[in-house]
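Every number for a ligand or one of its atoms is a count from 1 in the order of the listing.
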Amino acid sequence: MGHNWTLREWLDAHPAPPRYARAQGMEISYSQIRAYMDCPWLFKLVYADRKRPPLNPKSSLGVSIHRALEAFHRAGGGDLPKLLDFYDEQWLHAGYATPQEQMDWHRRGRRILELYPAQERERRSEILAVEKDFLFPLEPHVMRGTIDRIDRRPDGAIEVIDYKTHLDIEDEEEAARNLQLGIYGLGARESLGFSAAWLTLYYVAAGRKTTVPCDPSREVEIAELIVRVADLIASSKAFKPDVSRCPACDFRKACAHAAQG
Ligand code: SF4
């Protein structure tokens, strides 16, 4: 989150616009919320000007792996050759400077996926849904998103899972504060009727999971945050750059407001 604020600190620092200034309700996703909280100008570039962040090898490989896992589970899972067939089929060619670079990253992705079927064989949970869309109203707005996977554990508890393909592994304390997981827990219940007991970040490349209990006491604050961000976006005439985020921003080479250095 921008400046590593807690949700409450962010809400306090970003008061609601006056009621008369608020536009109609909007449909909002976690990615839009993330972009606005990181840098309002980034939100404008991506969602108003429809500029796409340039794909790089890391982001492109992430898309390929997500697609492969989705196709694999939709087809009922199976063994490694089947997963690797889906990987080849779903491979995204964009984002690589040379054919050699693309081949190197393709091999890297294969090594990541080679771990996956063995981990899955140990799984005792039943997969209830993959790439499941949700949509629920938060007046006057609508929150929407897609959950990578919803499992039912052997004890019947519901687990909401988000795949991560990077290696920056969040510990339990960070995962408990993770806004995306919190929103997905809310979406699973409000829209899909799954009351999640557990929220999981599944680091596919590391073969590791960080799982935290779904904490209903966060939900009021998360809902307040969603509405606040949507209110601010819907009533904004100008989106201000937040240059503290530039070093980590995919647009820093192309953005007129990017901080130098
Ligand atoms: S480069 Fe900086 S100012 Fe421009 S969109 Fe990214 S974070 Fe915002």
Under-2.8 Å protein N/O/S neighbours of atom 4 (Fe) of ligand 1, ordered by chain then residue number: C255 SG
Which residues share a side chain to side chain donor-acceptor pair (under 3.5 Å) with K132, sequence neighbours left out: none
Under the ring pair (Phe, Tyr, Trp, His ring centres under 6.0 Å) test, residues paired with F43 that sit two or more places apart: Y47, F239
Aromatic ring proximity Y116/Y202, centre distance under 6.0 Å: yes
R152, CZ atom: more than 12 neighbouring heavy atoms under 6.0 Å: no
R208 atom CZ, over 12 foreign heavy atoms within 6.0 Å: no
Partners meeting ring pair (Phe, Tyr, Trp, His ring centres under 6.0 Å) with Y203 (sequence neighbours left out): H166
